[in-house]
Structure formats: C-alpha cells, structure tokens
Amino acid sequence: MTTLLSQTFFARDALEVARDLVGATLRHGPVALRITEVEAYRWPDDSANHCHRGPTARNAPMWGPPGRAYLYRCYGLHTLLNLVTGPEGEGAAVLIRAAEPLEGLETIQGRRGGLDGPALLCGPGRVGAALGLDLSFNHHPVTEPGGLEAHAGRPGVRLVFGPRVGVDYAEPRHAAAPWRVADAGSRWVSHRRGLTRSAP
DNA sequence: TCTACGATCTTT
DNA sequence: AAGATCGTAGAT
C-alpha cells in the first residue's frame, strides 16, 4: 500500500522537495511511474525559473498552492510536468525529467509508438506523454485521490546532482547550480553526463 | 496584434 | 545537424 504525498510535503524549498521526490511514485489511471530524475526551479533567486520575471498566464499554477501540477508546452510538441512547491504566493516547482515504469507498460508503449527501454521514459517530454498529460491538467492537485496522483516511495535512494538541462539562457550562477537530482543507481536517467555525488 | 523562441525529441 | 510545431512572452 502506498500513501499520497501531502501538501505539507510540497510546501518546502524546491530543492528539498526535489531530493525527496526521487523514488516517489506518479500514478494516472493504469500507469504508475517511479520518479528517477528531477530538477528544482527555486524561489526567489533563480533566473532559470519561469516565475523569475513575475506572474504570467502560463506560470499561474506555480504561484498557487503546493502539490498542484504545472504543465507547459515546449517546442510546440512536448508537455512537461512540474509539481508546485513552496507556500502559495511563491513561484517554485520541480520538473519531472525521467521515470521508471512500474505499471501500465502497455499503455505507455501505446502512447509512445511501441518503443521500449529507457528511451520510453528518459526526458521530460516522454514522462508527460507516458502519463497521457496535457495542459488541462494545470492546477490539478496530486495530493488528492483521483486523476494524477503522487505517492510516497521508499526512502534511502542514493542521489547524484548536476546542472539543469537546457537553461543556458539563465545567469551563469543559476545555469551551473547543481539543482538537478537523479537516482544514482537507475538506468532511467537522461543526460547522465554532469551528474556527481556531491550534494549542493 | 506581431514575432521569436523554448526546462525537447526524432530523424537524417 | 536540423526539422517538427505552437503557446507564450515581450515588443509594437
């Protein structure tokens, strides 16, 4: 049996939540995924964060209560899933970058054109596709039963850290910050290069 | 309104 | 190495 993560769990600094989300489970219908790689988009000092320039229509979910979904469309085709962190009124979230399939493999493969192996779930666009998400999931509470849910996993995962992917537009100190977190022992991790044992 | 482009992935 | 493909931000 598993338990839903609480709103309190998400009401912390994005980096802390990111560390604790690795190993947790995402569920949506027949699909269950074990989170293996995430990135923290922190508040207030993070120029890579979508909220860095203040509220907009797109980033509205990030300013809302913790434990909600923030989805956004990237490059016109990929739907990227974030989980909102920190207290309401602060714009922070954790991007889900990769996961390992636990249940619903056939459903995932159906959504991904029958692919197999880590290519199925390594990369944030693939995670969104595997879970069958779209922008209508914005604001959805993953701390409540029904629809997309986040459940606690087993603690004690060995973690590795590194710079976030695709944030070269940010200030160098933010682009280089080791705010990407992954399961050291998992093969379901994208861009393994750049990850080290040293915590930030 | 208009324009440029992105927290990406696939194919060449 | 480049194309797909569109919502959004920032400019006008």
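Sequence lines set the chain letters: A, B, ... in the order given, protein chains first and strands last, and positions in each chain run from 1.
- For C:dA1 and B:dA7, the P atoms lie 22 Å apart once the distance is rounded to whole Å.
- At the heavy-atom level, A:R180 lies nowhere under 4.0 Å from the strands shown.
- Donor-acceptor pairing under 3.5 Å is recorded for the side chains of A:S190 and A:E37.
- A:Y70 and A:H139 form no side-chain donor-acceptor contact under 3.5 Å, judged by distance and modelled atom types alone.
- The phosphate of B:dA7 has OP1 or OP2 within less than 4.0 Å of a side-chain N or O from A:Y169.
- Remark: the A:H50 side chain and the B:dA7 base include a donor-acceptor N/O pair separated by less than 3.5 Å.
- Residue A:L80 is in sugar-phosphate contact alone, with no base atom involved, counting any heavy-atom pair closer than 4.0 Å across all strands shown.
- Between C:dA9 and A:R53, no contact under 4.0 Å exists linking OP1 or OP2 to a side-chain N or O.
- Across the strands present, B:dC9 finds its partner in C:dG3; the criterion is a Watson-Crick or G-U wobble pair with both atom distances under 3.5 angstrom.
- Among the heavy atoms of the strands lying under 4.0 Å from A:R58 are primed sugar atoms or P, OP1, OP2 only; no base atom is included.
- The listed nucleotides are C:dA9, C:dG7, B:dT8; the one nearest the side chain of A:R73 is C:dG7.
- With a 6.0 Å cutoff to the six-membered ring centre and a 45° limit on the axis angle, A:R12 counts as a cation-pi contact of A:F9.
- Nucleotides B:dC2 and C:dT5, compared at atom P, are 23 Å apart to the nearest Å.
- Each of A:R112 and A:G166 lies near DNA chain B, and the nucleotide nearest A:G166 is the one positioned closer to the 5' end.
- Base pairing analysis places B:dC2 opposite C:dG10; the two distances defining the Watson-Crick or G-U wobble pair are each below 3.5 Å.
- Remark: A:Y75 is not in phosphate contact with B:dC5, judged by side-chain N or O atoms under 4.0 Å from OP1 or OP2.
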